[in-house]
Amino acid sequence: MDLTTYTLLLSAIVFSIGGIGVLIRRNPLIMFMSIELMLNAVNLAFATFAHQLNNPEGQIFVFLVMTVAAAEAVVGLAIIISIFRSRRSVDVDELDVMRG
Amino acid sequence: MEVVGLILLGALMLASSIGVIAMRNAIYSALFLIINLVSLAVFFLVLSAQFLFVAQILVYAGAIMVLFLFTVTILNPPSDVLFGGTHRTQYVLALLFGALFGGILTYTVATNAINGARGNYSAQVAAVGDIQAFGTQLFTVYLLPLETTALILLVGIVGAVVLGRHVAEAPAPRRTYKLQFFTDTTAPPGDLPAKQEAMPTPPPNGAEQSESQKERVGT
């Protein structure tokens, strides 16, 4: 098993662990962390292919994904704070009306 | 020796990612995610992506996770109840589909050898180094996505500022100031009143609203 297959396997497993985390957790912060896990797994896959194909474009995609993930984390956490600041519990199952 | 190190690094990454989704306390999940991000950065270093190694630690583990920890501390969520009773079907189905998806991905990766034609960057990378090749590519071919990410970050900043404003729950009642003259009946009319006090009228609801007003003003 060479390095490429090993890191791709790791990327696949971490991605599915992140997907399970989004599905089974009800705390929105931990759901966000699971989404970050998935993004990082994809970053690992991009970097693996950049190393395999000896092409820096994979690393460029990692850079762009990192930037978009940062912006998404900022806005998402701001939304979470503004929703859950006045409530007692942080539970996404209680968000069932659009009026907030 | 390198194989042992790589296996340990992969085990660390797997264990920390399981720790992210399986912890009751949200801060523990954030700390496990930091371990995951740093181990991923070491993987970037192994894969000859030196710029990504530094950028991952600076941006992800250094900025995004600090933001997460701030948010977790502000919200202070109560400890989650894992595998609660009302959602048992959902948990079972989620684990099932997650295992199925992970199994399909792992099987596909393990059985297909990744044979790619090596690109024409070998000579360039050998001549100038990895980071310069990355930077040349980023600023010539991928200039438009780079500037677009700058725009995305700007939108994120504006969105965070807009979402973080304090919005009053109810319109603040107008405070009317009435001069209350302390009229002494024994004093002759026309003289200056003995005591003159100007104070805001107390709100009709009593002490509760004034406390909330004080809280809003911040005194």
Side-chain angles (χ1 to χ4, degrees), chain A residues 3-21 23-27 29-30 32-34 36-37 40 43-44 47-57 59-60 62-64 66-75 77-82 84-85 89-90, chain B residues 6 10 13-14 17-18 20-21 26 29-30 33 36-37 40 43-44 46-49 51-52 55-56 59-60 63-64 67-68 71-72 74-75 77-78 80 91 94-95 98 101-102 105-106 109-110 114 116 118-119 121-122 125 133-134 137-138 142 145 149 152-153 155-156 159-160 163-164:
Chain A
L3 180 65
T4 303
T5 314
Y6 177 63
T7 48
L8 280 179
L9 274 177
L10 261 184
S11 164
I13 297 176
V14 170
F15 186 84
S16 43
I17 288 176
I20 292 175
L23 289 174
I24 70 173
R25 295 302 297 253
R26 296 201 310 270
N27 194 347
L29 292 166
I30 302 190
F32 250 89
M33 289 183 212
S34 308
E36 298 293 330
L37 257 188
N40 279 299
N43 281 350
L44 181 60
T48 306
F49 284 120
H51 178 258
Q52 166 76 22
L53 303 176
N54 210 11
N55 197 345
E57 291 188 3
Q59 303 175 15
I60 289 172
V62 174
F63 184 65
L64 299 177
M66 218 180 271
T67 314
V68 170
E72 164 226 355
V74 162
V75 175
L77 288 176
I79 290 178
I80 287 179
I81 287 184
S82 66
F84 287 103
R85 185 187 275 158
S89 70
V90 277
Chain B
L6 279 178
M13 197 162 166
L14 278 180
S17 60
I18 292 179
V20 169
I21 71 169
S29 287
L33 187 57
N36 197 31
L37 297 175
L40 180 64
F43 261 114
F44 283 153
V46 169
L47 291 169
S48 306
F51 176 76
L52 293 179
Q56 173 87 4
V59 171
Y60 248 118
I64 297 181
L67 182 65
F68 262 107
T71 309
V72 169
I74 284 177
L75 284 184
D80 239 353
Y91 284 124
L95 283 174
F101 182 71
L105 267 184
T106 310
V109 166
I114 312 292
R118 301 195 66 94
Y121 291 89
S122 300
V125 169
F134 168 79
Q137 191 78 351
L138 182 66
Y142 288 94
T149 55
I152 289 176
L153 285 175
V155 167
L163 286 168

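Proteins come first, then strands; the chains are lettered A, B, ... in the order of their sequence lines, and each starts at number 1.
- Taking each heavy atom of B:I152 and A:A71 in turn, the nearest pair found is CG2-CB, 3.6 Å.
- Heavy-atom distances place both the backbone and the side chain of B:A30 under 4.5 Å from chain A.
- Proximity of B:F43 to A:L10: side-chain heavy atoms (C-beta onward) are separated by under 4.5 Å at one or more points.
- Summarising the geometry, atom CD1 belonging to A:I13 is positioned 9.5 Å from atom CG belonging to B:L105; distances are rounded to the nearest 0.5 Å.
- Between chain A and the residues B:A110, B:A49, B:G159, the largest count of heavy-atom pairs under 4.5 Å involves B:A49.
- Checked by atom type, the side-chain pair A:E36/B:N36 shows no donor-acceptor distance below 3.5 Å.
- Contacts between B:L67 and chain A at a heavy-atom distance below 4.5 Å involve backbone atoms as well as side-chain atoms.
- Contact of B:I64 with chain A is made through the side chain alone, with heavy-atom distances under 4.5 Å.
- Listed here is the closest heavy atom pair of B:F44 and A:N43: CE2-O, 3.7 Å.
- Nearest heavy-atom pair across A:P56 and B:Q137 is CG-CB, 4.3 Å.
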**Request:** Mind running ring-ring contact (aromatic ring centres under 6.0 Å, His included) on A:F63 and B:F51 for me, showing each step along the way?
**Result:** CA-CA 9 Å; A:F63 184 65; B:F51 176 76; 5.5 Å; yes
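- Contacts of B:I18 with chain A are made by both backbone and side-chain atoms, with heavy-atom separations under 4.5 Å.
- In this structure, A:F15 has its ring center under 6.0 Å from that of B:F101.
- Although no hydrogens or angles enter the test, the distance criterion places no donor-acceptor pair under 3.5 Å between the side chain of B:Y60 and the main chain of A:N40.
- For A:T5, the parts lying near chain B are the backbone and the side chain together; criterion is any non-hydrogen pair under 4.5 Å.
- In terms of heavy-atom pairs under 4.5 angstrom with chain A, the leader among B:A63, B:G164, B:S48 is B:S48.
- Looking at B:T149 and A:M66, their side chains never come closer than 4.5 Å, going by heavy atoms from C-beta outward.
- With a 4.5 Å cut-off on non-hydrogen atoms, B:F134 touches chain A through its backbone and its side chain both.
- Residue B:I21 comes nearest to A:G21 through the heavy atom pair CG2-CA, 3.6 Å, listed as atom of the first residue, atom of the second, then distance.
- Closest approach of A:S16 and B:G98 over heavy atoms only: CB-O, 3.9 Å.
- B:L47 touches chain A through backbone and side chain together, each having a heavy atom under 4.5 Å away.
- In this structure the side chain of A:Q59 never reaches within 4.5 angstrom of the side chain of B:L138, judged on heavy atoms.
- Looking at A:T48, both its backbone and its side chain come within 4.5 Å of chain B, counting heavy atoms on both sides.
- Options B:V59, B:I74, B:T106 differ in how many heavy-atom pairs under 4.5 Å they form with chain A, and the most are formed by B:T106.
- With a 4.5 Å cut-off on non-hydrogen atoms, A:A73 touches chain B through its backbone and its side chain both.
- Closest approach of B:A26 and A:I30 over heavy atoms only: CA-CD1, 4.1 Å.
- In this structure, the portion of A:L3 lying under 4.5 Å from any heavy atom of chain B is its side chain and not its backbone.
- Heavy atoms of B:L6 lying under 4.5 Å from chain A belong to its backbone as well as its side chain.
- Looking at A:F32, both its backbone and its side chain come within 4.5 Å of chain B, counting heavy atoms on both sides.
- No other option in A:V74, A:L44, A:I80 has as many heavy-atom pairs under 4.5 Å with chain B as A:L44.
- A 4.5 Å side-chain heavy-atom check between A:I17 and B:L14 finds at least one atom pair inside the cut-off.
- A:I20 CD1 to B:Y91 OH: the interatomic distance, rounded to the nearest 0.5 Å, is 13.0 Å.
- The greatest number of non-hydrogen atom pairs below 4.5 Å with chain B, out of A:L37, A:I79, A:V75, is found for A:L37.
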